[in-house]
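Every value quoted in this text rests on a predicted model; they were computed, and no experiment measured them. Reminder, nothing fancy here: chain letters follow the sequence lines and each chain counts from 1.
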Number of protein chains: 2
Amino acid sequence: MKPTSKAAIFAKEIPYAVRSCHTNPSISCGECRLGELCLPIALDAKEILRLDEIVKQGRALSKGDYLYHQDEEFKAIYAIRAGSFKTFKTSRDGTEQVTGLYLPGEIMGMDGISSNRYGSSAIALETGSFCEIPFHLLEDLSTKIPSLQGRFFRLMGQEIVKDQQMLTLVSSNAADERVAALLLSISSRNHRRKLSPTHFRLPMTRADIGSYLGVTLETVSRVFGRLQKLAIVKVDNREIEVIDMPALKKIAKVHDGD
Amino acid sequence: MKPTSKAAIFAKEIPYAVRSCHTNPSISCGECRLGELCLPIALDAKEILRLDEIVKQGRALSKGDYLYHQDEEFKAIYAIRAGSFKTFKTSRDGTEQVTGLYLPGEIMGMDGISSNRYGSSAIALETGSFCEIPFHLLEDLSTKIPSLQGRFFRLMGQEIVKDQQMLTLVSSNAADERVAALLLSISSRNHRRKLSPTHFRLPMTRADIGSYLGVTLETVSRVFGRLQKLAIVKVDNREIEVIDMPALKKIAKVHDGD
DNA sequence: CGGTATCTTGACTGTTGTCAAGCCCCGTGG
DNA sequence: CCACGGGGCTTGACAACAGTCAAGATACCG
């Protein structure tokens with residue numbers, strides 16, 4: 001419920017010379033090191049410049065700040081630059097259900113496209129920054145740049161695949177399997193960003209994880225306890241160290257590499 | 001595993017004079033009475049003609065026939081004209097997990113866009129027919145017809161919203177709620193097609209429903225028993241009659257209309 | 001340094017899964 | 001037309017995993 005953007009303050013604290021996407025909020029798509037994960041994949045240099053013209057860059061948020069609210073008018077999609085975000089639906093009785101976890105290079109807000117209203121709220125789990133891409137401008141540009149249209153079709157397709165994977169995960173009822181799969185998901189997404197796949201910090205609380213996976217926070221806690229006892233992961237509060245990756249994959253019923 | 005198409009046979013049985021989409025397999029998009037539900041929404045007459053040029057119409061399938069297989073190369077998306085279809089994922093150990101139920105006017109196959117391979121298999125639950133839309137042609141045409149691009153963005157957005165609704169449904173762990181929500185979903189989709197929202201036939205077996213909802217078939221059966229005992233629905237095998245719609249919505253925790 | 005949010009652990013309960021038996025419906029073939 | 005067979009469905013008994021409630025410990029923020 002804090003509408004205040006801290007973009008200005010954040011920008012002052014970070015010297016412009018730092019040409020790294022996740023620390024410098026005012027960098028362009030062409031210079032952003034997340035480019036190869038984010039929207040610009042499949043675009044050439046000239047096309048990226050045109051994309052840059054419609055992307056509002058470098059806004060920052062701190063923990064608890066909203067990116068958008070459920071049922072609010074859909075105007076833009078958001079590319080995560082730094083930090084982590086969750087999306088959640090609030091039902092009439094006030095219950096919150098976490099529907100997504102988003103890390104740098106990923107795109108949020110696509111659940112608003114069909115109905116012109118966001119289907120969920122998005123909130124920062126820690127200090128972070130993002131780029132805003134007004135959807136109507138993206139649509140216009142997509143008709144002019146076929147490779148951008150193709151990229152965005154594929155991006156939406158990815159979201160569909162991701163959601164269906166979550167669905168099958170949550171339908172298959174083993175709590176251990178769900179938690180293991182979440183750890184592996186974070187691990188592989190970290191790996192893509194050249195971060196350690198075996199040592200990371202959970203961006204969500206036990207309650208959020210539980211809500212996301214369809215179990216209670218107590219169960220999440222107990223599963224972490226079990227996995228630790230089996231020497232598969234080391235859990236120190238939010239700090240996770242994967243000790244036995246094959247065993248973790250076995251529990252998650254993931255057989256192939258990642 | 002039956003690759004045989006019965007299009008030819010089917011076409012013979014139905015007189016061409018019947019200008020109704022779901023019975024005449026060789027009707028065009030412009031004439032199809034599902035047009036207002038399907039891909040052509042938001043297109044004008046001239047644009048629909050161009051869409052018609054890329055749509056392969058009127059193929060028919062009988063129960064158990066595959067529309068496409070998991071991991072097979074993604075070539076096209078499919079618009080359902082008649083009948084009902086399910087999508088499912090097969091995991092390495094042979095377990096099948098139902099991931100979707102598709103009724104006339106709905107589009108299947110979008111889970112193949114991002115990776116160029118279908119993420120699930122699609123099979124006919126009864127005799128039915130469909131239109132095939134080669135994706136690369138749709139992409140080409142979309143760059144030329146902005147309203148088609150917009151329509152397809154929205155269609156994919158709808159799929160994302162639908163999947164996320166399933167996710168929240170399956171996460172919230174009441175079996176009664178899940179079954180009630182499925183009944184309501186079928187009911188409202190029937191309503192859109194001008195069919196009875198209170199009296200319909202379940203296209204899936206108990207086992208399929210259970211797999212889709214993340215419960216066992218026995219639980220599905222018991223829930224139907226409970227709902228019947230409460231005089232909320234009348235269940236006669238696959239035949240469903242909704243007697244107390246408000247009560248059903250209450251169980252499904254749907255408060256609003258639809 | 002104090003207060004609150006988060007996390008862990010325990011005991012008990014309950015819904016759902018599992019296993020098993022039997023029924024019903026429907027299509028097939030005699 | 002009827003007998004047969006098999007898939008689909010129902011129902012019951014029991015067990016187990018996870019939910020609920022509660023208390024206490026720990027971490028984090030101002």
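- Applying the side chain to side chain contact (heavy atoms under 4.5 Å, CB included) test to A124(A) and every residue at least two apart in sequence or in another chain returns L61(A), F85(A).
- Within the 4.5 Å cutoff, side-chain heavy atoms of E159(B) are placed close to those of Q164(A).
- For A174(B), the side chain to side chain contact (heavy atoms under 4.5 Å, CB included) partners at least two apart in sequence or on another chain are E177(B).
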Shorter than 3.5 Å, N or O on both sides, protein versus nucleotides 21-24 of chain C: list them out with atom names.
none

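- A search for side-chain hydrogen bond (donor to acceptor under 3.5 Å, both in side chains) contacts involving S187(A) returns nothing, not counting sequence neighbours.
- For T87(A), the side-chain hydrogen bond (donor to acceptor under 3.5 Å, both in side chains) test picks out T99(A), with sequence neighbours left out.
- Here the side chains of D163(A) and L167(A) are not in contact, with every heavy-atom distance at 4.5 Å or above.
- Checked against ring-ring contact (aromatic ring centres under 6.0 Å, His included), Y212(A) has no partners two or more places apart in sequence or in another chain.
- dA27(D) atom P lies 12 Å from atom CD of E239(A), rounded to whole Å.
- Nucleotide dT10(D) holds its C1' atom 12 Å from the CD atom of Q228(B), rounded to whole Å.
- The side chain of R238(B) contributes an N or O atom lying less than 4.0 Å from OP1 or OP2 of dC9(D).
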Worksheet item: Which nucleotides of nucleotides 14-21 of chain D have their base under 4.0 Å from a protein heavy atom (B), which only their sugar-phosphate (S), and which neither (-), written as one string 5' to 3'?
Response: ----SSBB
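- The salt bridge (Lys or Arg N to Asp or Glu O under 4.0 Å) check on K56(A) picks up E132(A), with sequence neighbours excluded.
- Judged as a salt bridge (Lys or Arg N to Asp or Glu O under 4.0 Å), and not counting sequence neighbours, R206(B) has no contacts.
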For residues 238-246 of chain B, which side-chain donor-acceptor pairs fall under 3.5 Å, sequence neighbours excluded?
residue : atom : partner : partner atom : Å
E239(B) : OE1  : R201(B) : NH1          : 3.1
D244(B) : OD1  : A247(B) : N            : 3.2

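- Judged by distance alone, with hydrogens and angles left aside, the side-chain atoms of R178(B) form a donor-acceptor pair with the main-chain N or O of G214(B) at under 3.5 Å.
- Side-chain N or O atoms of S129(A) include none that pairs as donor or acceptor with a backbone N or O of R81(A) at under 3.5 Å.
- Residues of residues 200-213 of chain B that place a heavy atom closer than 4.0 Å to DNA chain D, in numerical order, are T205(B), R206(B).
- Rounded to 10 degrees, the angle between the two end axes of the helix from dC1(C)-dG30(D) to dG30(C)-dC1(D) is 50°, with five pairs used at each end.
- Inspection of the R189(A) and S185(A) side chains reveals an N or O donor paired with an N or O acceptor under 3.5 Å.
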